[in-house]
Amino acid sequence: MLISENIRSIKQQLPAQVQLVAVSKYHPVEALQEAYAAGQRIFGESKVQEMCDKQEQLPGDIEWHFIGHLQTNKVKYIVPFVSLIHGVDSEKLLLAIEKEAAKKDKPVNCLLQVHIAAESTKFGFSSEELKTLFKDGVLDKLQHVNICGLMGMATNTDDEQQVKAEFASLKKLFDELKQGYFSTDDKFKEVSMGMSGDYLIAIEEGSTLVRVGSAIFGSRVY
Ligand SMILES: *Cc1c(COP(=O)(O)O)cnc(C)c1O
């Protein structure tokens with residue numbers, strides 16, 4: 001019952017406005033079933049095939065969040081059932097999702113991924129790119145995609161001050177965009193930040209969705 005205990009102890013640390021995304025990538029269906037039995041309903045996956053396979057085998061009231069790097073040619077497989085796509089990291093991908101959502105006449109919730117870490121390997125828009133995207137009127141092109149907020153990953157470092165500053169920069173950008181483009185749009189409300197090692201810092205800085213994997217399910221075997 002390790003998984004259910006982990007979920008319980010993490011949930012006790014979350015304020016009411018913060019939701020837990022249980023990141024179950026690379027873990028077997030049995031592990032997700034144990035989390036489900038403990039009351040967990042939001043699961044995060046990073047591979048399209050793996051998420052589709054698990055979705056078919058598990059109960060229909062699960063909210064599936066896609067947290068990985070999504071390729072445009074795979075959008076069609078997840079649009080029918082995905083609850084939230086966290087890592088939209090290019091205009092090309094955003095427009096591909098819009099196109100597929102229009103085709104299926106289905107609203108699709110997305111978060112825009114912002115590059116906040118010092119490492120160069122992580123995907124995402126820079127703050128400047130994102131501001132330009134909005135200034136250029138990207139919202140006019142989106143009829144089926146709901147932009148629900150921003151997502152970011154901090155640098156993988158023991159330096160808590162750095163992590164804190166990176167999360168704060170994401171929250172600041174969120175607030176600017178909210179004020180500039182979504183002041184009357186209730187859907188733009190999510191700041192997805194915080195993983196197993198840094199979710200408590202992320203919550204202090206205004207996270208609304210923490211994506212926690214190894215602290216729930218243990219380490220992953222790739
Ligand atoms: C794997 C992953 C997580 C979870 O990481 P843990 O350190 O295991 O909690 C969170 N977010 C993203 C984008 C991931 O790819």
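Note that ligands are numbered from 1 as they come in the structure, with each ligand's atoms numbered from 1 the same way.
Side-chain contact, Gln49 with Asp53: a donor N or O sits under 3.5 Å from an acceptor N or O. Side-chain N/O atoms of Gln13 and Tyr199 include a donor and acceptor closer than 3.5 Å.
Between Glu204 and Lys164 there is a salt bridge, since at least one side-chain N of the basic residue sits less than 4.0 Å from a carboxylate O of the acidic one.
When the ring pair (Phe, Tyr, Trp, His ring centres under 6.0 Å) test is applied to Phe134, the partners found at least two apart in sequence or on another chain are Tyr181, Phe182.
Proximity of the aromatic rings of Phe188 and Phe174 is defined here by a centroid distance below 6.0 angstrom, and this criterion is met.
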Inventory of protein N or O atoms under 3.5 Å from ligand 1 N or O:
unit_1, atom_1, unit_2, atom_2, d
ligand 1, 8 (O), Ser214, N, 2.8
ligand 1, 8 (O), Ser214, OG, 2.9
ligand 1, 8 (O), Arg220, NH1, 2.8
ligand 1, 8 (O), Arg220, NH2, 3.2
ligand 1, 9 (O), Ser196, N, 2.9
ligand 1, 9 (O), Ser196, OG, 2.5
ligand 1, 9 (O), Gly213, N, 2.8
ligand 1, 11 (N), Arg211, NE, 2.9
ligand 1, 15 (O), Lys25, NZ, 2.7

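The environment of NZ in Lys131 is crowded: more than 12 heavy-atom neighbours from other residues, nucleotides or ligands sit within 6.0 Å.
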